[in-house]
Amino acid sequence: MRIGLYPGTFDPVTLGHLDIIRRATVLVDRLVIGVAINRGKGPLFDLEERVAMIEAECSQIARESGCEILVHPFENLLIDCARDVGASVILRGLRAVADFEYEFQMVGMNRRLDDTIETVFLMAEAEHQAIASKLVKEIAQLGGSVEKFVTPAVREGLRAKLGTRC
Ligand code: ADP
């Protein structure tokens, strides 16, 4: 059984993340979505909220794809999390050139820690490529519509959290 780990902060989960998740289900039998606690990033949504949002969005993808999807919060080293969940691949999304430098370093370092775990990069469909949680939060904070970037449930979550009409 092939197990993949897709790690991130998911603050909140966007249509870009869901696009990558859909593509990842084709590659593995079990997809573990690793939700980083990431206190350092000062997330808008707490861990439980981020996990609940992803779980709600992924149930349909799991049904449609036949791939088992689990959501797993983690606070330790990524490579240790991958070992904990039995993953042989780490899946990451690549947006623009800007992501490349950081991801390139991460792969290099992670390989030195454990070269049996491979990292695979996926690209979202063109209309989802520019979406970033950080910008979604900024737009929502200022009352702009985030309809094209997140699902209706996540949009509701942003409205409730920020008290804007986003
Ligand atoms: P992190 O803190 O690890 O960057 P994110 O939640 O921002 O966490 O992103 C998780 C993963 O999803 C990363 O690999 C990121 O590059 C990818 N990702 C986020 N948004 C998109 C998108 N619009 N298209 C493709 N990949 C994306």
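Computation of the quantities below employed the complete heavy-atom set of this structure, encompassing side-chain atoms and omitting hydrogens, waters and symmetry-equivalent molecules. Counting starts at 1 for both ligands and their atoms, in listed order.
- With sequence neighbours excluded, the residues that form a side chain to side chain contact (heavy atoms under 4.5 Å, CB included) with Val89 are Val28, Glu118, Val120.
- No hydrogens or angles considered: a donor-acceptor pair under 3.5 Å links the side chains of Glu64 and Gln60.
- Using modelled atom types, one finds a donor on one side chain and an acceptor on the other under 3.5 Å when comparing Thr9 with Asn38.
- For a heavy-atom separation below 4.0 Å, the residues in contact with ligand 1 are Tyr6, Pro7, Gly8, Thr9, Phe10, Gly16, His17, Ile20, Lys41, Arg92, Gly93, Leu94, Arg95, Asp99, Ala124, His128, Gln129, Ile131.
- Of the N and O atoms on the side chains of Asn110 and Asp115, not one donor lies less than 3.5 Å from an acceptor on the other residue.
- Alongside Phe104, the hydrophobic cluster contains Phe100 (criterion: ILVMFWY side chains under 4.5 Å).
- Counting side-chain heavy-atom gaps under 4.5 Å among Ile, Leu, Val, Met, Phe, Trp and Tyr, the cluster of Phe121 also holds Leu94, Val107, Met123.
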